[in-house]
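The basis for the numbers below is simple: all heavy atoms, side chains too, and nothing from hydrogens, waters or symmetry mates. Protein chains get the first letters and strands the later ones, always in sequence-line order, with residue 1 at the start of each. This structure is a prediction, so every number in the text was calculated from the model and none was measured.
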Amino acid sequence: MAVTDAGSVGGQIRDWAYRTCGYTGLKVDTQAQALIKVNAVAAVVFLLLGGLMGLAVALTRWPAVHLLPAEWFYLVLTGHGANVLLFWIIFFEIAVLYFASAILLNSRLATPKLGWLAFILMVVGALMANYAVLRGDSSVMFTSYPPMQASHWFYLSLILFAVGALIGVGVFFGTLVIARAERTYEGSIPLVTFGALTAAIIAVFTIASGAIILIPTWLWSIGLIANIDPLMYKVVWWGMGHSSQQINVSAHVAIWYMIAALVVGAKPLSEKVSRTAFLMYILFLQLASAHHLLAEPGLSAEWKIVNTSYMMYLAVMGSMIHGLTVPGSVEAAQRRNGYTKGAFEWLTKAPWGNPAFSGMFLSLVMFGFIGGISGVVLGTEQLNVLMHNTLYVPGHFHGTVVAGTTLAFMAATYLVLPLVFQREIVWPTMAKWQPYMFGIGAAGISLFMMGAGTLGVSRRHWDITLTDAAHAFEYPAAAYLMMGLNGIFAIMAAIGGAMYILVTVGTVLFGKKIDEAGTHKLTFPLHSGGPQAVSEYGSRGTLKLPGTIILVSIFFTAFVLYYFVNWKYLSDLWLFR
Amino acid sequence: MAVTPPEQRIWWNEPIHKTELGWIVIAFLWGLFMFFFMIAWHFIGEQNLSTETYRIQPAKYEAKVEAFAEQFKVAEENGVPVVRPPAGEDVFILGRLWEWWPILELKKDQSYRIHLSSVDWQHGFSLQPTNINIQVHPGYEHVITLTPTESGEFGIICNEFCGIGHHQMTGRIRVTE
Ligand code: HEM
Ligand SMILES: [Cu+2]
Ligand SMILES: [Cu+2]
């Protein structure tokens, strides 16, 4: 039973109801809690829809199966991109923003009514987009490059969704202001909230770019504007498309820190370094559209080089820093928890059976090794010509946004269910295996799509046998093998996704209610070495992180080798200048 | 913890861990290296995408390609002209729903000024199996100086989604010794 109280702050401020969290003693705004719940549920629903579409796409691209007819393939692929990349991710991010502000800051949520308005607009937008796609006249892919034109419903739906998301971001900012004014916390905001703030700031820029390009495109689709320049569209569209990926990165890095803190009691090695690394995402998020436009005519080499790298890959540097500080803080915490043997006892004795932890760590490793390295290679001016628009591109971003972001969000769900939904997780064994199933599947589709792309296989392509093509062409046999393996791992990822949805939905509907009185099983951090563990430590010279040093050394070696391998491939091509 | 305000109120004065500092320096230098390597490749490398681009009306471009095909046509295959331009010549390729037109015959180790544009939607020029991938826009004429370094039959795939016939859109380049 929730302990409900009325806030005493007077005047125009709403009376707010809250319960006291049985785990943390934090006050939980019941309105914030309700909004987190509905946004998370909506996210999962669109993941289900989009995930099924992804499976159908992968099975169609498996030449031996070739599931869907061509028209359906392009339709479903458009739906897949929109439902997972936009709707699943952004609904979940709005929930993360509310959690990182109202809950972590112990505050009430600003203007919950606007929060509901945001939610409704986003739901309407998402449903309308699916309607537009299923009508069959909007199979333009979620990038919708002109002069190809979708139904006006399609552009309108995205605009509505974006306006809703923008309002949600505004509620987050408002909550930060209230929490500060009402002194609900001491000192600076927590690192996780800082990461969420980074994501929110980038979101404003992102949605502004989206508005600048989608509103004229919508007017074009209803005939009020005669022409949209295809190159200009891409430059602005990717101002939205790319920076929204930077939102995802900020959000999932914040979640890595959160899970590390709650599960093993990790504390950032240095607040300064971790916060600066987040700040780099904002400062250098760049005209980041550039690295989507490296194979485009009409843009100078100088513009491309400067805007992909801003003199030196500063946003990449931000991620590389988190790539050290997150495992580093886990190692430090685990050593404090008593796992001090050798370089890796902290890792081998980590709570691998806890899906929040295993999901977080797999997400961290795969985001770095698969998504991160391939992203830098793909974003190098000349190397891009090797893989522009091949399956390498979806391979890369399934490494970032599926193995990275999606898996991190799934992992976070295992903490959100008891904390916010106050339910005990049903089928814990399934939950325990879920991150492995999904993670390995996601890694597989990423790697095999990258492999097929390296062999030249086109993305968004229904028939690599080119049977009905104007001029026949045979892709090498290895490409077929890659597509088959991609299909097999897609099935694994889909099973992993289904397990996630079963556990989540099952828990929300049937999970045992956790009551406030304190018979619950969880104490935070979940895995610690007892009371001495909470004692302070920090950047004192005594702290050693040999395991993390070895891990990042392996990472760096892989990065450098793979980078030069690709220059070698490039130097074997026909000459062009 | 990362979910609570920093323990040290004045967290920005905390010393930075040596491991972190070392990694930051490495990441910084590696970033600088990668930046300079892109620039360096413009001088030492032989694969740099040209930026020579002109605005052009799609209909005008189509006319140019047709005139070019007419001038250097040597044969016809299934109604598509096979065009053999002399080395060094301007060569025109047209992307349209859903073919790359015309068929080209080039000589190995000779350079050609290849013009690329589309008359309708965006297309993706994907030369296989050598794996050179370039975006093609309507209204923009992109000129690339291309030198084949191997002989044989090469396919041009379309790798930008261009509607329901996207997977049928191909073209051909034949390179002779
Ligand atoms: C069961 C899990 C998934 C499978 C099997 C899967 C598979 C695929 C495949 C095979 C493609 C098509 C590549 C092509 O033909 O161009 C694709 C495209 C894509 N996927 Fe996934 N995917 C999954 C989950 C996700 C998730 C969770 C996200 C986002 C968070 C995502 C985002 C995308 C995007 C943005 C595209 C590009 C669509 C386009 O080219 O317009 N996928 N996926
Ligand atoms: Cu095409
Ligand atoms: Cu195409």
Part of [X] within contact of chain B (heavy atom distance under 4.5 Å):
X        : value
A:Val140 : backbone
A:Tyr257 : both
A:Thr465 : neither
A:Tyr569 : neither
A:Tyr475 : side chain
A:Tyr392 : neither
A:Asn106 : neither
A:Leu105 : neither
A:Val385 : both
A:Tyr233 : neither
A:Leu77  : neither

Just how far is it from atom [atom1] of [X] to atom [atom2] of [Y], taken to the nearest 0.5 Å?
X        : Y        : atom1 : atom2 : answer
B:Gln122 : A:Met148 : CD    : CE    : 8.0 Å
B:Gln8   : A:Lys272 : CD    : NZ    : 11.0 Å
B:Leu49  : A:Leu299 : CG    : CG    : 10.0 Å
A:Leu386 : B:Asn131 : CG    : CG    : 6.0 Å
B:Ile134 : A:Phe576 : CD1   : CZ    : 6.5 Å
A:Tyr145 : B:Gln135 : OH    : CD    : 6.5 Å

Closer than 3.5 angstrom, by distance alone: can the side chain of [X] be matched with the main-chain N or O of [Y] as a donor-acceptor pair?
X        : Y        : value
B:Glu99  : A:Ala470 : no
A:Gln382 : B:Met38  : yes
A:Arg577 : B:His42  : no
A:Asn389 : B:Asn159 : yes

[X] atom [atom1], neighbour heavy-atom count above 12 within 6.0 Å:
X        : atom1 : value
A:Trp567 : CH2   : yes
A:Glu474 : CD    : no
B:Arg84  : CZ    : no
B:Glu150 : CD    : yes
B:Glu77  : CD    : yes
B:Glu52  : CD    : yes

Which bit of [X] comes within less than 4.5 Å of chain A, counting heavy atoms only: side chain, backbone, both or neither?
X        : answer
B:Ile164 : both
B:Phe161 : both
B:Glu153 : neither
B:Leu127 : side chain
B:Thr130 : both
B:Phe33  : side chain
B:Leu21  : neither
B:Asp120 : backbone
B:Trp41  : both

If you define the side chain from C-beta out and look only at heavy atoms, does anything of [X] sit under 4.5 Å from [Y]?
X        : Y        : value
B:Phe28  : A:Met317 : yes
B:His167 : A:Phe73  : no
B:Trp30  : A:Val560 : yes
A:Phe473 : B:Pro129 : yes

Quick check on the interface: out of [options], who has the most heavy-atom pairs with chain B under 4.5 Å?
options                                : answer
A:Ile321, A:Val273, A:Asp463, A:Ile103 : A:Val273
A:Glu302, A:Glu271, A:Met387           : A:Glu271
A:Pro297, A:Gly323, A:Ala254           : A:Pro297
A:Ser139, A:Ala277, A:Gly187, A:Pro147 : A:Pro147
A:Asp229, A:Leu466, A:Thr325           : A:Asp229
A:Leu575, A:Thr276, A:Leu191           : A:Leu575

If you count heavy-atom pairs under 4.5 Å between each of [options] and chain A, which one has the most?
options                              : answer
B:Tyr140, B:Phe154, B:Trp23, B:Trp12 : B:Trp23
B:Val80, B:Thr53, B:Asn13            : B:Thr53
B:Val3, B:Val136, B:Ile157, B:Thr51  : B:Val3
B:Ile144, B:Ile132, B:Ile39, B:Thr19 : B:Ile132
B:Gln47, B:Arg9, B:His137            : B:Gln47

Which atom names give the shortest non-hydrogen contact between [X] and [Y], and what distance separates them?
X        : Y        : value
B:Trp11  : A:Ser188 : NE1-OG, 2.8 Å
A:Pro230 : B:Pro138 : CG-O, 3.9 Å
B:Pro5   : A:Pro190 : N-CG, 3.8 Å
B:Thr149 : A:Trp574 : OG1-CD1, 3.5 Å

### Message
Apply side chain to side chain contact (heavy atoms under 4.5 Å, CB included) to residues B:Glu20 and A:Leu545 and explain how you reach the verdict.
### Response
CA-CA 10 Å; B:Glu20 281 185 298; A:Leu545 303 170; over 6 Å; no

### Evaluation steps, side chain to side chain contact (heavy atoms under 4.5 Å, CB included), between A:Thr380 and B:Phe37
CA-CA 10 Å; A:Thr380 301; B:Phe37 202 79; over 6 Å; no

